[in-house]
Amino acid sequence: MVTSHMGTPTQRGARRREWQLSERALERFLAALDRDRDAAAERYEQIRSKLLRFFEWRGCAYPDECADETITRVIRKIDEGDTIQDPDSYCYGVARLVLLEALKQREKEREALSQMPPLSASVDEVQLEVERRLSCLRSCMKTLPADQQTLIAEYYRHDTGQRIDARKRLAATLGIGLNALRIRAHRLSERLGSCIGDCLEHGAAVK
Amino acid sequence: MNRPVAPDQDRMDSPADEALLVRYLIGDCSDEERTRVEERFFSDTDTFDRLCELEEELVARYARGELRADERVQFERAYGTPPRRDRLILNLALGRIFASTPVSSPEAASIATPSWRRWLTFEPAAARWALAAAAVVLLTGVLVQFRQAERLRTSLGQSQQDAAALRARLDEAERRVADAERQNATSQQTAQTASPVIATFVLTPGLTRSARGPARVNVPPAATALRFRLTLDFDGGYSSLRAALRNAAGDSVWTQGGLQPQKTTDGSVVTVTIPAATLANGEYELLLQGVLKNNSVEDAATYHFTVAR
């Protein structure tokens with residue numbers, strides 16, 4: 001069951017009573033994206049990818065939660081009978097509302113944080129953080145299956161000037177679109193990021 | 001809310017638009033501009049792709065110190081807090097490990113490509129299916145007559161392929177680690193702009209010639225000293241450590257005692273600094289010895305590297 005992450009507990013409880021995500025609602029949502037099931041799934045991934053970046057670029061602390069909340073609300077709208085002609089733009093509209101709510105909800109937290117010295121992203125400190133992660137990253141890479149290691153290595157292998165063309169070639173070789181490749185790489189880097197977090201927290205290499 | 005946005009003519013691919021996309025990324029645009037960018041990338045995947053590419057270029061330029069002062073201030077403000085900061089650091093680490101590694105794309109990509117998908121991309125289609133039909137007939141005959149032998153050969157061939165693939169992957173992984181270490185050292189040495197120039201290298205114990213060869217130490221022409229961070233694979237128990245450097249002939253060229261390990265997030269390390277003039281081209285062995293409480297000495301770790309100028 002997917003439930004809302006936003007709003008007060010009372011609001012969340014009321015929302016749960018009013019509506020719950022069902023298989024039928026999900027099917028309707030996918031059908032609104034595309035009649036073909038595979039194409040709909042790809043479209044869904046694209047929209048979620050855009051939502052994640054949108055919330056990240058707009059300073060949302062938990063982009064994945066906000067993205068999921070947005071999609072849940074859109075599914076609900078469709079389930080309740082709304083007709084959506086342009087799902088991407090519709091999701092953007094809902095995402096803006098979710099962002100406003102998220103920022104409002106976190107206002108007090110932001111005020112408290114503003115009293116603290118801000119985190120710095122100076123070049124030296126960032127490079128130091130990168131150094132700290134290299135060892136963990138190597139260990140975490142070993143936890144991935146060989147084909148996924150290859151994919152992430154190929155994805156990041158080239159210098160930025162050559163990356164775009166190289167990724168297009170990689171996507172063509174794999175027989176997938178560039179966006180699908182990006183989504184796969186994003187998922188893998190998320191997995192690596194989580195693994196690195198565990199590795200740093202426990203101060204030991206990941207087995 | 002359900003309204004068409006961003007007409008097709010607004011492609012956002014002019015230089016001015018690209019500048020706007022960059023300003024969007026670093027949070028240096030008006031509400032109106034921000035909405036325009038967002039409407040555009042939600043309705044047009046090409047714009048979204050371009051925005052993602054620009055972000056990677058921006059991060060790379062930042063890491064190379066190529067941003068203008070005002071851009072840098074904005075960038076650091078935008079990327080100073082999680083989750084953007086975390087992704088920035090992860091992307092830089094991934095780039096550090098994999099960027100500019102030796103070319104192996106076709107082979108590497110074919111590893112990741114399912115065999116059925118490679119088959120489906122074989123052109124032309126008529127030849128594809130003709131080959132398929134011929135293969136079926138041929139294989140049927142072979143299987144009837146040599147079923148048992150074929151099974152054994154297949155098993156053997158598969159084992160050999162698995163072993164070869166495993167060896168290739170191992171070689172590739174080791175090459176990546178070596179590249180990352182070299183790149184690490186290179187990036188640190190380029191960061192040393194003031195004199196004296198000290199190039200820093202990371203050495204891992206036990207890297208013998210038979211494993212993947214000694215680590216390669218490229219000494220920058222301006223380097224006055226080389227700093228080695230020696231990663232330790234033991235927990236300690238010594239009152240101190242001493243390091244002894246020998247050349248390929250076995251001659252001792254440098255020693256230092258009284259060393260103490262330091263705890264880092266990557267484990268314990270010992271740092272030694274060796275005058276660059278001490279090192280000529282060639283192979284070296286750095287022996288780390290532990291001094292016990294009764295003042296006796298035992299070998300703790302060995303590091304091999306090759307100096308190239």
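What you see is a predicted model; the values in this text were computed from it and never measured. Throughout, a chain's letter reflects where its sequence line sits, starting with A, and its residues are numbered from 1.
- Judged as a ring-ring contact (aromatic ring centres under 6.0 Å, His included), and not counting sequence neighbours, A:Phe55 has no contacts.
- A distance of 12.5 Å separates CZ in A:Phe54 from CG in B:Leu51, rounded to the nearest 0.5 Å.
- B:Asp86 contributes atom CG, which lies 11.5 Å from atom OG of A:Ser194 (distance to the nearest 0.5 angstrom).
- Identified by a heavy-atom distance below 4.5 Å to chain B, the contributing residues of residues 25-47 of chain A are A:Gln46, in residue-number order.
- Atom CD1 of B:Ile89 and atom CD of A:Glu131 lie 11.5 Å apart (nearest 0.5 Å).
- A:Lys50 contributes atom NZ, which lies 7.0 Å from atom OG of B:Ser43 (distance to the nearest 0.5 angstrom).
- Only the side chain of B:Leu25 comes within less than 4.5 Å of a heavy atom of chain A; its backbone N, CA, C and O stay farther away.
- Every residue meeting the side chain to side chain contact (heavy atoms under 4.5 Å, CB included) condition with B:Glu33, not counting sequence neighbours, appears here in chain and number order: B:Leu20, B:Arg23, B:Cys29, B:Ser30.
- The CG atom of A:Asp88 sits 10.0 Å away from atom CG of B:Asp44, with the distance rounded to the nearest 0.5 Å.
- Ion pair A:Arg96/B:Glu38 not flagged as a salt bridge, since none of the NZ, NE, NH1 or NH2 atoms sits closer than 4.0 Å to an Asp/Glu carboxylate oxygen.
- Across every non-hydrogen atom of A:Cys60 and B:Pro83, the tightest pair is O-CD, 3.4 Å.
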Worksheet item: Between A:Arg167 and B:Glu56, does a salt bridge (Lys or Arg N to Asp or Glu O under 4.0 Å) hold up when you go through it step by step?
Response: CA-CA 13 Å; A:Arg167 287 177 185 174; B:Glu56 285 198 40; 2.5 Å; yes

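- Qualifying side chain to side chain contact (heavy atoms under 4.5 Å, CB included) partners for B:Val269, counting only residues two or more places apart in sequence or in other chains: B:Arg229, B:Thr231, B:Gln262, B:Thr264.
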Discussion item. Is there a side-chain contact (heavy atoms from CB on, under 4.5 Å) between A:Arg53 and B:Phe41? Walk through the geometry before answering.
Written reply: CA-CA 10 Å; A:Arg53 288 297 177 94; B:Phe41 81 67; 5.6 Å; no

Item to complete: In sequence, state the C-alpha distance, the side-chain angles, and the governing distance for B:Leu94 and A:Leu192, and then conclude on side-chain contact (heavy atoms from CB on, under 4.5 Å).
Response: CA-CA 10 Å; B:Leu94 285 165; A:Leu192 286 172; 3.9 Å; yes

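- Under the 30°/60° scheme for interplanar angles, the aromatic rings of B:Tyr24 and A:Trp57 are found to stand perpendicular.
- The candidate from B:Arg61, B:Lys263, B:Glu53 with the greatest count of non-hydrogen atom pairs under 4.5 Å with chain A is B:Glu53.
- The side-chain heavy atoms of A:Arg182 and B:Asp49, taken from C-beta on, include a pair separated by under 4.5 Å.
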